[in-house]
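Have a look at the structure below, then the notes.
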Amino acid sequence: MKKLLLIVVLFVLTGCGKKEIVQNEVILDGQQKLAELEINKFYAWVDYMPGSKANGLLRLSGDFILKSSVNYDFTKLVLGKINIIQDTTLFYIVKPLLKENPTYTKKNKKNLLLSLMEGLVIEEEFDINKLIDIELIFQQSDQQYRYYIKNIKIEKTY
């Protein structure tokens, strides 16, 4: 029963519709709104560890600093979703697990740690040997702020 539930959840997370072609820059209301981040680390990998429950699944994790801005209240900004893009094709839209690092104490900044609750089933058209782009989409009220991380190599863990 747990496996069936996991399959259903992964199916919903990976999107059952057709692929969407995206451009390098997404325009919102005629103007790009960007979040201000410092990326410490960002990893993408496929887990091939023997005996792993995540065997063959795409995983993501990241560590970044969200900076204050005159455009938004960084204490109320929420990471709503992540788009995973390869060769201008949107493959995945996922809701990440996000935790704030409680030991980080710099003023007007917060350290956020990102991961996925579950690995993503690799779609047939998705090439794990090609680079991916990540679009982080933050929200505050009815406004969206984006941050792009380009050319991420997908590692393989054995």
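The chain is numbered in sequence order, starting from 1.
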Does any donor atom in the side chain of D73 or T75 lie under 3.5 Å from an acceptor atom in the other side chain?
yes
Minimum heavy-atom separation for A35 to F138, with atom names?
CB-CD1, 3.8 Å
Carboxylate-amine/guanidinium proximity below 4.0 Å for E38 and K109
yes
Under 3.5 Å, is there a donor-acceptor pair between the side chain of D47 and the main chain of M49?
yes
Check: S69 side chain, N71 main-chain N or O, donor-acceptor pair, under 3.5 Å:
yes
Are E36 and Y147 close enough, and set up right, to give a side chain to side chain contact (heavy atoms under 4.5 Å, CB included), and what steps lead you there?
CA-CA 7 Å; E36 295 183 32; Y147 189 87; over 6 Å; no
Verdict with supporting geometry, L79 and L136, side chain to side chain contact (heavy atoms under 4.5 Å, CB included)
CA-CA 7 Å; L79 181 56; L136 304 173; 3.9 Å; yes
Pairwise side-chain contact, V46 with I154, heavy-atom cut-off 4.5 Å (strictly under)
yes
Over 12 foreign heavy atoms within 6.0 Å of NZ, K153
no
Contacts of type side-chain hydrogen bond (donor to acceptor under 3.5 Å, both in side chains), residue D63, not counting sequence neighbours:
N40, N111
Taking L77 as the starting point, is it possible to reach I149 by hopping between hydrophobic residues whose side chains are less than 4.5 Å apart?
yes
If every non-hydrogen atom of P50 is compared with every non-hydrogen atom of Y158, which pair is closest and at what distance?
CD-C, 4.3 Å
Is any side-chain heavy atom of E118 less than 4.5 Å from a side-chain heavy atom of L120?
no
Would you say that F91 contacts I132 through its side chain, given a criterion of any heavy-atom pair below 4.5 Å between the two side chains?
no
Side chains of D127 and Q86: closer than 4.5 Å at any heavy-atom pair?
yes
Roughly how far apart are L66 CG and E100 CD, rounded to 0.5 Å?
9.0 Å
Quick check for you: to the nearest 0.5 Å, what is the distance between R146 atom CZ and Y148 atom OH?
5.5 Å
Kindly indicate whether the side chain of D87, heavy atoms from C-beta on, has any atom under 4.5 Å from the side chain of K130.
yes
Nearest heavy atoms of N129 and K156, plus distance in Å:
OD1-NZ, 3.1 Å
4.5 Å side-chain heavy-atom contact, L97 and L114
no
Which value, rounded to the nearest 0.5 Å, describes the distance between I152 atom CD1 and W45 atom CH2?
12.0 Å
Keeping to residues at least two apart or across chains, list the ring-ring contact (aromatic ring centres under 6.0 Å, His included) pairs with something in residues 63-89.
Y72-Y145
Could you walk me through whether L57 and V121 pass the side chain to side chain contact (heavy atoms under 4.5 Å, CB included) test, one step at a time?
CA-CA 5 Å; L57 299 178; V121 173; 4.0 Å; yes
Heavy-atom pair with the smallest gap, counting every atom of F42 and G62
CD1-CA, 3.9 Å
Rounding to 0.5 Å, atoms CD (Q144) and CG (L34) come to a distance of 12.5 Å
To the nearest 0.5 Å, atom CG of L98 lies from atom CG of L113 at 8.0 Å
Which heavy atom in D133 sits nearest to a heavy atom in N151, and how many Å separate them?
OD1-N, 2.8 Å
pair L60-I84: side-chain heavy atoms closer than 4.5 Å:
yes
Taking all atoms of both residues into account, what is the closest heavy-atom pair of I82 and P96, and its distance?
CD1-CB, 3.6 Å
